[in-house]
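Taking it in order: structure first as structure tokens, then the write-up.
Every chain is numbered from 1, with letters handed out A, B, ... down the list of sequences.
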Amino acid sequence: MIDRRPRLDHEAVPLGREFYARPTLDVARDLLGCQLVHDVDGQRRCGRIVETEAYVDIDDLASHASKGRTARADVMYGAPGHAYVYLIYGMHHCFNVVARDTELAGAVLIRALEPDDAALGRTDGPGRLCRALGIDRRHNRLDLTTTAGGLWIAPPLAPLAEPIEASARIGVDYAGEWAARPWRFFLPSSAWVSARQRRRPALPEARLPTLPPEA
DNA sequence: CTCGGGATTGAG
DNA sequence: TCAATCCCGAGC
């Protein structure tokens, strides 16, 4: 009998709190190549993260945290390593991980996965990957550093084979100059990264206004 | 309470 | 190019 379970290192353990308790931009880059895992109903759904976006702090007008500690964004102000899941356009979910070191609030949006099993369906795009893995708002605030909740992230199964590329974030043009920052990260050779958005232009960091000093 | 709009997607 | 569809945050 053929074992059709998605492959995953049996020794894999979830990334710990210390992984997420670092600058959000570092976490966003380091999540590339990691395995996002959802164990549900005795089944494992997982895939390799190939595209992320950083939402860095309360000054970042593209971030939900920029409106203050509202009911929705509250989890972004809480402990790193927890899930932030919200509904967008009334029909799609977006999955983020809370990440920061000294900032007030931060999160990384997971935008695309390479599925371990093609039967999962499409996992390119933040809404589609949530649908494929069965992630919804029930998972909001879930602790990702333990397997107890069924949703967690494991370190890469192999070192990255290529340099990370960066671009402007997608769908946040309302955020003015913040939208131009190169805070979207991806593995350029992955077929699960949108070709159309692949080389979305971003201003060099040096051309952008300096970040305000930390409070 | 109403109102405007969204970190998206899929169809036409 | 456009609409689906419901939640959130702002303002009265």
On a heavy-atom basis, which atom in [X] and which in [Y] lie closest, and how many Å separate them?
| X | Y | result |
| --- | --- | --- |
| A:Gly134 | A:Arg45 | N-NH1, 3.5 Å |
| A:Pro80 | A:Ala99 | CB-CA, 4.4 Å |
| A:Phe19 | A:Arg22 | O-NE, 2.8 Å |
| A:Leu36 | A:Leu129 | CD2-CD1, 4.2 Å |
| A:Ile153 | A:Cys34 | CG2-CB, 3.7 Å |

Next item on the list: Find the runs of at least 3 consecutive base pairs, i with j, i+1 with j-1 and so on, that include DNA chain B, using Watson-Crick or G-U wobble geometry with both distances under 3.5 Å.
Entry: B:1-6 with C:6-11, B:8-11 with C:1-4
Atom-pair distance ([atom1] on [X]; [atom2] on [N]), nearest Å:
| X | N | atom1 | atom2 | result |
| --- | --- | --- | --- | --- |
| A:Arg122 | B:dG10 | CZ | C1' | 9 Å |
| A:Phe185 | B:dA7 | CZ | P | 19 Å |
| A:Trp178 | B:dA7 | CH2 | C1' | 16 Å |
| A:Met76 | C:dG9 | CE | P | 12 Å |
| A:Arg111 | B:dT9 | CZ | C1' | 11 Å |

Below 3.5 Å is the cut-off: list the nitrogen or oxygen pairs between protein and nucleotides 10-12 of chain C, distance only.
none

Next item on the list: Output all residues satisfying side chain to side chain contact (heavy atoms under 4.5 Å, CB included) with A:Thr145, sequence neighbours left out; order by chain, then residue number.
Entry: A:Arg17, A:Tyr20, A:Asp143
Within the pair [X] and [N], is there a side-chain N or O less than 4.0 Å away from OP1 or OP2?
| X | N | result |
| --- | --- | --- |
| A:Arg69 | C:dG9 | no |
| A:His64 | B:dA7 | yes |
| A:Arg131 | B:dT8 | no |
| A:Arg72 | C:dC7 | no |

Margin query: Does the structure show A:Tyr174 stacking with B:dG6, if we require the centres to be closer than 5.5 Å and the planes to be within less than 30 degrees of parallel?
Written below: no
Check: With hydrophobic residues grouped by side-chain heavy-atom distances under 4.5 Å, do A:Ile135 and A:Val40 end up in a single group?
Finding: no
Note to self: Quick check: is A:Leu61 connected to A:Leu25 through a chain of hydrophobic side chains (ILVMFWY, heavy atoms under 4.5 Å apart)?
What the structure shows: yes
Margin query: With salt bridge (charged side-chain N to carboxylate O under 4.0 Å, His left out) as the criterion, how do A:Asp74 and A:Arg141 come out once you've worked through the C-alpha distance, each side chain's angles and the decisive distance to 0.1 Å?
Written below: CA-CA 9 Å; A:Asp74 180 69; A:Arg141 298 181 178 275; 2.9 Å; yes
Note to self: In this structure, is the centre-to-centre distance between the rings of A:Tyr86 and A:His64 below 6.0 Å?
What the structure shows: yes
Check: Do A:His38 and A:His139 have ring centres separated by under 6.0 Å?
Finding: yes
Output a table of donor-acceptor pairs, distance under 3.5 Å, between side-chain atoms of residues 105-115 of chain A and any protein atom two or more places apart or on a different chain; print 'none' if there are none.
from: A:Arg111; atom 1: NE; to: A:Glu51; atom 2: OE2; distance (Å): 2.9
from: A:Glu114; atom 1: OE1; to: A:Arg48; atom 2: NH1; distance (Å): 3.2
from: A:Glu114; atom 1: OE2; to: A:Arg48; atom 2: NH1; distance (Å): 3.2
from: A:Glu114; atom 1: OE2; to: A:Ser190; atom 2: OG; distance (Å): 3.1

Item checked: DNA chain B-proximal residues of residues 134-141 of chain A, any heavy atom under 4.0 Å -> none
Checklist line | No-hydrogen, no-angle side-chain donor-acceptor test under 3.5 Å, A:Thr24 and A:Arg100 | finding: no
Margin query: Under 4.0 Å, heavy atom to any atom of DNA chain C: which of residues 80-99 of chain A qualify?
Written below: A:Leu87, A:Tyr89, A:Gly90, A:Met91
Next item on the list: Inspect the contact between A:Asp60 and A:Arg169 and indicate whether a charged nitrogen and a carboxylate oxygen are less than 4.0 angstrom apart.
Entry: yes
